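Everything numeric in this text was worked out from a predicted model, so none of it was measured. FYI, the numbering just counts along the sequence from 1. Heavy atoms only: backbone and side chains are in, while hydrogens, waters and symmetry mates are out.
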Amino acid sequence: MKTDRFLTAIIAGIGILAVLALVLFFTRRENTPSVPDGTPEGAVLAYVNAIQNREWETAYDYLADQENKPGLDRFRQVALSEQLGQRSSGVEIRSVEVNGDHADVELAVVNVSGGLFSDVYRNTGVAVLVRQGGSWKVSEMPYPFWSYNWYQPESLPQKP
């Protein structure tokens with residue numbers, strides 16, 4: 001009889017913890033602050049979201065129109081090669097500094113390694129944005145949401 005009460009207490013405790021975890025999960029999601037679309041941090045979050053959802057054209061539209069901007073096919077090819085890192089990463093906005101048509105968004109790139117007891121790593125970085133045509137566009141972003149080959153002149157093969 002004692003064993004049955006002990007087992008019942010353990011199962012009830014697990015049930016209470018499961019319900020508590022679900023309540024916390026859903027209340028935290030509802031309390032997540034929304035970021036306005038026309039802000040630098042909104043552009044950063046929309047860009048990251050588009051990449052994670054494999055919406056290449058949408059993500060590409062958030063790139064700044066500057067010299068040596070990669071074409072959509074090149075952008076998609078590089079983004080696909082980094083897909084694993086992008087899906088296991090996210091960003092947390094730390095601060096935003098706007099100076100006219102230029103903005104620096106300090107953020108933490110949160111990387112989660114796989115597995116049941118996965119480790120979480122945070123690397124700080126800065127997303128650089130410029131205002132073009134009334135919209136904020138990304139001109140630099142930390143890895144894995146950026147390739148440092150973009151906006152670089154394409155090198156031509158050397159003739160012997």
Side-chain angles (χ1 to χ4, degrees), residues 21-160:
L22 288 172
V23 167
L24 286 174
F25 174 75
F26 286 113
T27 56
R28 286 195 67 187
R29 288 187 74 158
E30 291 173 2
N31 292 333
T32 303
S34 61
V35 178
D37 287 339
T39 62
E41 58 269 34
V44 167
L45 295 176
Y47 171 77
V48 169
N49 188 46
I51 286 183
Q52 289 177 329
N53 291 324
R54 299 178 64 157
E55 297 168 351
W56 309 124
E57 291 83 9
T58 302
Y60 185 77
D61 288 342
Y62 280 98
L63 292 183
D65 292 323
Q66 296 175 339
E67 189 175 351
N68 298 313
K69 178 180 179 179
L72 177 59
D73 289 335
R74 184 171 165 215
F75 171 78
R76 182 181 304 136
Q77 179 183 20
V78 171
L80 279 169
S81 70
E82 298 295 338
Q83 184 177 352
L84 182 61
Q86 295 160 353
R87 292 221 166 203
S88 63
S89 299
V91 295
E92 295 174 351
I93 305 294
R94 297 282 174 93
S95 66
V96 180
E97 186 177 319
V98 178
N99 187 4
D101 288 337
H102 178 86
D104 293 328
V105 179
E106 183 184 344
L107 43 87
V109 177
V110 182
N111 302 297
V112 180
S113 63
L116 180 59
F117 301 104
S118 57
D119 291 326
V120 177
Y121 303 98
R122 284 179 172 76
N123 300 316
T124 58
V126 175
V128 179
L129 291 91
V130 293
R131 190 176 359 230
Q132 295 178 331
S135 299
W136 288 103
K137 303 288 183 168
V138 178
S139 65
E140 190 175 322
M141 187 81 178
Y143 177 85
F145 301 105
W146 193 260
S147 172
Y148 293 99
N149 291 326
W150 296 340
Y151 295 99
Q152 301 298 319
E154 290 190 40
S155 59
L156 299 173
Q158 298 292 327
K159 292 185 179 183

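- Tyr148 approaches Pro142 most closely through the heavy-atom pair OH-CA, 3.8 Å.
- The closest donor-acceptor contact from the side chain of Tyr60 to the backbone of Pro70 lies under 3.5 Å.
- In this structure the side chain of Val48 reaches within 4.5 angstrom of the side chain of Met141, judged on heavy atoms.
- Heavy-atom contacts from other residues, nucleotides or ligands closer than 6.0 Å to CD of Gln77 number 12 or fewer.
- With sequence neighbours excluded, the residues forming a salt bridge (Lys or Arg N to Asp or Glu O under 4.0 Å) with Glu57 are Arg76, listed by chain and number.
- The line from OG of Ser139 to NZ of Lys69 is 11.5 Å long, rounded to the nearest 0.5 Å.
- At a threshold of 4.5 Å between non-hydrogen side-chain atoms, the residues Tyr143 and Ser89 do not count as touching.
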Tabulate below the donor-acceptor pairs under 3.5 Å that side-chain atoms of residues 124-131 make, not counting sequence neighbours, or state none.
from, atom 1, to, atom 2, distance (Å)
Arg131, NE, Asp101, OD1, 3.0
Arg131, NH2, Gly100, O, 2.9

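- For the residue pair Ala79 and Trp56, the shortest heavy atom distance occurs at CB-CZ3, 3.4 Å.
- When all heavy atoms of Ala59 and Tyr47 are compared, the closest pair comes out as O-CD1, 3.5 Å.
- Using a distance-only test at 3.5 Å, with no hydrogens or angles considered, a donor-acceptor pair links the side chain of Gln132 to the main chain of Asp65.
- Gln52 places a side-chain heavy atom less than 4.5 Å from the side chain of Phe145.
- Annotation for Ala46 and Tyr62: closest pair CB-OH, 3.3 Å, computed over non-hydrogen atoms.
- In this structure, CG in Leu45 is found 10.5 Å from CD in Glu92, a value given to the nearest 0.5 Å.
- Between Phe75 and the options Trp146, Tyr151, Trp150, a ring pair (Phe, Tyr, Trp, His ring centres under 6.0 Å) holds for only Trp150.
- In terms of the side-chain contact (heavy atoms from CB on, under 4.5 Å) criterion, residue partners of Ser135 (sequence neighbours excluded) are, by chain and number, Lys137.
- At a threshold of 4.5 Å between non-hydrogen side-chain atoms, the residues Thr39 and Val96 do not count as touching.
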